[in-house]
Amino acid sequence: MFFGDEHLARAEERLREICPSPEDELALLGTILATLSGNESTARLRRIALDIDDLCSQVRWHLGQALLILNSCPNIAKAGEQDAEYIRRAGFHAGALLLLRAYRLGADRVMYSDLSEARAGGTVGGWIFHMLIDSAIHRCVSALDRIAAILWTAADLPPSNVYFRSKKLARIHGVFGSTETAELVRLAETPLFECVIAYRDRLTHTTKAYTRAAGFSPAESWTDNEGRRVAWAPDALDANTLFGLGNAAYHQFVDALKLCNPVLERRWPI
């Protein structure tokens, strides 16, 4: 997506303010790993470090584009405020939305030039905004997993699938026993991090979130084994809350990177 210089400058300034790039930390990580002796393990570590660097830029691009959309289409942040109360409360039944799919005009359309154009009860801008945040969160978790993988290798732990989760980080802490590794374990146990992981896992494996800015939120209901009616309410995320989740994921990545580097500096002095 491309916007005029005025919108671009405003979004760039805002991005530098709320999501500054960890330039010193990225440079230090690269320097530590670039100077290691060459073997398969260190080659993989250097590749991971490059991934982290690029993922950081990608996350900031996605968040920056989301800011551009919010600046250009401020109605996205207010999407749904004028809806009838029953729509906000109950959403639209998922079965009805599925049945109407075959009758909607332009249901298969995905290319647009106007962000304010209506789409599925929301706007094109809102639809793209949500995709940008989803992608930013996914990339943040990917970068965090790579930080854990570097530390796992630095700890000389046996080969394993490593993720940025408290159990894996606790094993790393068991080797280093440092203030930084203890803080990494704590970071992976915070409610905020658990919220980010739960959002990413649902997106990847089970049920993606919906926001009113991107279209009508589906609702469902069923009768349980005891004959009680159970309602699955529509998602209540608004655009500002969704951006906040993406921003939080980014700052968790930056915090983890800052904690990772001192451990690596002691393990592999430059």
Side-chain angles (χ1 to χ4, degrees), residues 12 15-16 19-65 132 134-190 193 196-197 200-201 203-204 246-270:
E12 178 72 20
L15 183 67
R16 291 183 183 279
C19 300
S21 179
E23 290 300 302
D24 292 343
E25 301 300 332
L26 291 170
L28 178 56
L29 176 66
T31 300
I32 294 169
L33 298 182
T35 56
L36 296 180
S37 59
N39 56 46
E40 181 179 353
S41 177
T42 55
R44 293 187 181 280
L45 289 177
R46 285 190 283 271
R47 173 61 183 268
I48 292 173
L50 286 171
D51 285 357
I52 291 173
D53 192 347
D54 193 35
L55 284 166
C56 179
S57 296
Q58 291 179 16
V59 170
R60 295 186 73 246
W61 182 88
H62 282 81
L63 294 176
Q65 293 294 318
L132 288 165
D134 280 354
S135 189
I137 292 171
H138 185 86
R139 283 168 164 79
C140 282
V141 176
S142 297
L144 283 164
D145 288 346
R146 284 164 169 80
I147 288 173
I150 290 176
L151 290 168
W152 186 272
T153 300
D156 291 325
L157 289 165
S160 174
N161 292 325
V162 183
Y163 308 99
F164 195 91
R165 306 294 187 276
S166 58
K167 289 184 178 179
K168 294 291 187 180
L169 294 169
R171 290 193 62 185
I172 294 169
H173 178 58
V175 173
F176 292 112
S178 69
T179 302
E180 293 87 1
T181 52
E183 186 62 17
L184 285 166
V185 175
R186 189 204 65 80
L187 176 62
E189 292 176 340
T190 60
F193 180 75
V196 169
I197 290 297
R200 195 289 304 262
D201 286 350
L203 171 65
T204 303
N247 189 22
Y250 175 73
H251 282 278
Q252 288 172 323
F253 154 67
V254 173
D255 289 345
L257 182 60
K258 291 178 179 178
L259 292 167
C260 171
N261 277 341
V263 179
L264 300 183
E265 280 188 291
R266 291 191 293 268
R267 176 67 175 85
W268 296 305
I270 300 174

Using every non-hydrogen atom in the two residues, find where [X] and [Y] come nearest and quote the distance to one decimal.
X: I52; Y: A143; answer: CG1-O, 4.2 Å
X: C19; Y: H251; answer: CA-NE2, 4.4 Å
X: Y250; Y: P20; answer: OH-O, 2.7 Å
X: L15; Y: G64; answer: CD1-N, 3.9 Å
X: L259; Y: P262; answer: O-CD, 3.4 Å
X: V175; Y: A155; answer: CG1-O, 3.7 Å

Are the side chain of [X] and the backbone N or O of [Y] linked by a donor-acceptor pair below 3.5 Å?
X: K168; Y: N161; value: yes
X: W152; Y: P158; value: yes
X: T190; Y: R186; value: no
X: Y163; Y: S142; value: no
X: T204; Y: D201; value: no
X: S166; Y: E189; value: no

Inset, instruction - Go through the steps for L187 and Q252 under the test side chain to side chain contact (heavy atoms under 4.5 Å, CB included), then give the verdict. - result: CA-CA 8 Å; L187 176 62; Q252 288 172 323; 4.3 Å; yes
Atom pair [atom1]/[atom2] of [X] and [Y] - distance to nearest 0.5 Å:
X: I150; Y: L29; atom1: CD1; atom2: CG; result: 5.0 Å
X: D255; Y: F193; atom1: CG; atom2: CZ; result: 12.0 Å
X: L184; Y: L151; atom1: CG; atom2: CG; result: 6.5 Å
X: C140; Y: F253; atom1: SG; atom2: CZ; result: 7.5 Å
X: L157; Y: I172; atom1: CG; atom2: CD1; result: 6.5 Å
X: W61; Y: L132; atom1: CH2; atom2: CG; result: 6.0 Å

Legend entry - Full working for side chain to side chain contact (heavy atoms under 4.5 Å, CB included) between R60 and S21: CA-CA 8 Å; R60 295 186 73 246; S21 179; 3.8 Å; yes
Legend entry - Residues in side chain to side chain donor-acceptor pair (under 3.5 Å) contact with R139, at least two apart in sequence or another chain: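 Here the qualifying residues are Q58, S135.
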Legend entry - Those residues that, when tested against D156, pass side chain to side chain donor-acceptor pair (under 3.5 Å) (two or more places apart):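 For D156 the side chain to side chain donor-acceptor pair (under 3.5 Å) partners, ignoring immediate neighbours, are R267.
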Inset, instruction - Apply side chain to side chain contact (heavy atoms under 4.5 Å, CB included) to T181 and V185, showing your working. - result: CA-CA 6 Å; T181 52; V185 175; 5.7 Å; no
For a 4.5 angstrom cut-off between non-hydrogen side-chain atoms, does [X] reach [Y]?
X: R46; Y: L36; result: yes
X: R165; Y: I197; result: yes
X: P269; Y: E265; result: no

Inset, instruction - Not counting sequence neighbours, which residues clear salt bridge (charged side-chain N to carboxylate O under 4.0 Å, His left out) with R16? List them please. - result: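 Partners of R16 by the salt bridge (charged side-chain N to carboxylate O under 4.0 Å, His left out) criterion, ordered by chain and then number, come out as E12.
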Inset, instruction - Please assess N39 against T42 for the test side-chain hydrogen bond (donor to acceptor under 3.5 Å, both in side chains), listing each intermediate value before the final yes or no. - result: CA-CA 5 Å; N39 56 46; T42 55; 3.2 Å; yes
Inset, instruction - Decide, yes or no, whether a salt bridge links D134 with R200 under the criterion of side-chain N to carboxylate O below 4.0 Å. - result: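 A salt bridge is absent here (no side-chain N lies under 4.0 Å from a carboxylate O).
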Legend entry - Lys/Arg N to Asp/Glu carboxylate O, K258 vs E183, below 4.0 Å: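 Looking at K258 and E183, the cut-off is not met.
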Legend entry - R44, CZ atom: more than 12 neighbouring heavy atoms under 6.0 Å: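 Result for CZ/R44: open.
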Legend entry - Neighbour count >12 (heavy atoms, 6.0 Å) for atom NE2, H173: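 Atom NE2 in H173 is crowded, with more than 12 foreign heavy atoms closer than 6.0 Å.
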Inset, instruction - Output, in order, the C-alpha distance, side-chain angles, deciding distance and verdict of side chain to side chain contact (heavy atoms under 4.5 Å, CB included) for I137 and V196. - result: CA-CA 7 Å; I137 292 171; V196 169; 4.0 Å; yes
